[in-house]
Amino acid sequence: MVRQDELRATFRGEFGAEPRVCRAPGRVNLIGEHTDYNDGFVLPAALDLATWVAAAPRADRMLRVRSLRQDGVASFDLDEPDPQPRRDWTDYVRGVAVMLERSGVRLRGADLLIASDVPIGAGLSSSAALEVSVGFALLDLTGIVVDRTELALRCQQAENEFVGMRCGIMDQFIACHGAAAHALLLDCRSLEFRLVPIDPTVRLVICNSMVHHAHAGGEYNLRRMECERGVALLAPLLPGIRALRDVSVEQLAAHGDALPPLTLRRCRHIVTENDRVLRAAAALEAGAVAAFGALMNDSHRSMRDDYEISCAELDVLVELAWRTEGVLGARMTGGGFGGCTVSLVRADAVERFRASVGAGYRAATGIAPDIFVAVPGEGVGAVAD
Ligand code: ADP
Ligand code: MG
């Protein structure tokens with residue numbers, strides 16, 4: 001856990017001023033994977049793990065930034081006419097400043113110190129936590145009241161256009177709009193959302209597989225291309241569709257033979273996953289946790305077999321969870337090819353889960369997983385001094 005007093009003391013030592021502190025959470029997606037860039041539905045929850053930014057204004061228009069996870073201090077001039085990415089972690093920070101300024105905001109220069117307890121590259125969205133915490137801090141120092149949806153969009157734009165990762169809106173949106181004890185159902189096309197309370201008798205347990213297979217970025221872009229190909233081939237048969245969001249399970253079943261087999265499987269994941277998200281949100285709202293868990297299991301099988309974004313380690317974790325008494329559902333979460341699983345576990349079964357899944361995963365892979373209970377927390381905000 002990041003200690004706020006230590007962060008403030010380190011900031012004073014580094015930059016010689018008293019900072020404001022802001023934080024933005026990581027997230028776990030309960031269901032709705034790879035649907036965001038298909039204009040579809042997702043159901044994430046914000047975590048109590050977060051990225052913290054200590055920040056103080058400067059008299060000039062420089063940004064100086066240090067992360068406790070990285071070496072050195074980076075400096076940028078907000079007045080540089082054509083800022084180019086440096087192809088390192090600082091692009092997330094500078095990209096947000098660039099996109100906020102392009103949207104018409106004139107930022108103050110600032111010194112920033114960043115600390116985080118969101119695991120990096122584990123599918124819990126450390127990147128959006130970094131972008132959103134920095135964006136909020138820069139606006140806060142400039143005295144601007146933050147529109148949370150606008151901030152999420154500018155942060156997504158930074159990751160798309162400055163970092164060069166074509167992510168959807170989910171991660172930035174939940175980092176901005178998350179609420180304690182709730183998941184959030186988001187329509188990624190209209191950005192309409194609804195908070196859904198999580199049943200207090202269940203726990204969300206995250207297992208970090210501790211593996212990350214390197215080809216993930218390339219595979220992500222390939223999946224996006226297959227989805228686009230599917231829409232292009234279906235559009236003559238289903239006039240008016242703009243994205244896989246517009247295709248129903250029945251329509252895909254009726255017209256599936258218009259698609260090459262691989263494209264069909266990719267599209268089937270997205271189309272059935274959108275349907276599962278809506279049913280899952282309704283189940284959670286109705287207190288039907290067993291039905292919710294069954295949809296998580298179907299989602300995992302669809303990602304494993306049709307979308308092919310799981311990996312051996314994630315499948316081991318999910319199958320161990322499925323075999324543990326008191327587990328209502330389990331699936332991989334995040335982009336895939338490593339990272340984390342999320343399981344819905346009865347509160348009284350969490351210790352049993354920890355022991356059996358931990359031991360089983362070590363026996364199967366030789367790796368000790370990180371297993372923890374996710375406590376759905378608040379979206380971005382300033383921390384009281
Ligand atoms: P995820 O969002 O799933 O954690 P990404 O690959 O999208 O994984 O983002 C991880 C990248 O974000 C890191 O490689 C790093 O560049 C940047 N990052 C995230 N958190 C921090 C941090 N606290 N300090 C510096 N860079 C960070
Ligand atoms: Mg990310």
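Values below: all heavy atoms of this structure, side chains included; hydrogens, waters and symmetry mates excluded. We count ligands from 1, going down the list as the structure has it; atoms in each ligand are counted the same way.
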Decide, yes or no, whether a salt bridge links Glu219 with Arg223 under the criterion of side-chain N to carboxylate O below 4.0 Å.
-> yes
Short version for Met165: what comes under 4.0 Å of ligand 1, heavy atoms counted, is neither
For ligand 1, the portion of Ser67 having any non-hydrogen atom under 4.0 Å away = side chain
salt_bridge(Asp306, Arg266) N-O dist < 4.0 Å | no
Under 4.0 Å to a heavy atom of Arg69 - the qualifying atoms of ligand 1, by number | 23 (N), 24 (N)
With a 4.0 Å cut-off, would you call Glu285 and Arg194 a salt bridge?
-> yes
Heteroatom proximity flag, Ser126 to ligand 1, N/O under 3.5 Å = yes
What is the nearest protein non-hydrogen atom to atom 8 (O) of ligand 1, stated with its residue, atom name and distance?
-> Gly121 CA, 3.4 Å
The Mg ion (ligand 2) to Met165: any N/O/S contact under 2.8 Å?
-> no
Within a distance under 4.0 Å of any heavy atom of Tyr92, pick out the atoms of ligand 1 and give their elements.
-> 9 (O), 11 (C), 12 (O), 16 (O), 17 (C)
Is Glu80 salt-bridged to Arg61, cutoff N-O under 4.0 Å?
-> no
Taking Ser302 as the fixed residue, which of Arg331, Glu273, Arg268, Arg276 is the one that meets the side-chain hydrogen bond (donor to acceptor under 3.5 Å, both in side chains) rule?
-> Arg276
Distance-only N or O hit between ligand 1 and Ala115, under 3.5 Å = no
When you measure from atom 21 (C) of ligand 1 to every protein heavy atom, which one gives the shortest distance, and what is it?
-> Ile120 CD1, 3.7 Å
Identify the two heavy atoms, one from Glu313 and one from Ser209, that lie closest to each other, and give their separation to 0.1 Å.
-> CB-CB, 4.3 Å
Between Phe41 and Phe193, is the gap from one ring center to the other below 6.0 Å?
-> no
Which atoms of ligand 1 have any heavy atom of Gly123 under 4.0 Å away?
-> 3 (O)
Who's the nearest protein heavy-atom neighbour of atom 26 (N) of ligand 1, and how far?
-> Trp89 CB, 3.5 Å
Flag the pair Arg166 and Glu161 as a salt bridge only when some basic side-chain nitrogen lies within less than 4.0 angstrom of an acidic carboxylate oxygen.
-> no
Atoms in ligand 1 with a heavy atom of Ser116 nearer than 4.0 Å | 23 (N)
Considering only heavy atoms of Leu130, which atoms of ligand 1 have at least one such atom less than 4.0 Å away?
-> 18 (N), 21 (C), 26 (N), 27 (C)
Before signing off on this row, confirm whether Asp88 and ligand 1 have an N or O atom pair separated by under 3.5 Å.
-> no
Between Asp187 and Arg189, does at least one N-O distance fall below 4.0 Å, as a salt bridge requires?
-> no
Protein heavy-atom partner closest to atom 9 (O) of ligand 1 - residue, atom, separation in Å | Ser127 CB, 3.3 Å
List the steps, then state whether side-chain contact (heavy atoms from CB on, under 4.5 Å) holds for Gln156 with Phe173.
-> CA-CA 9 Å; Gln156 182 202 14; Phe173 199 93; over 6 Å; no
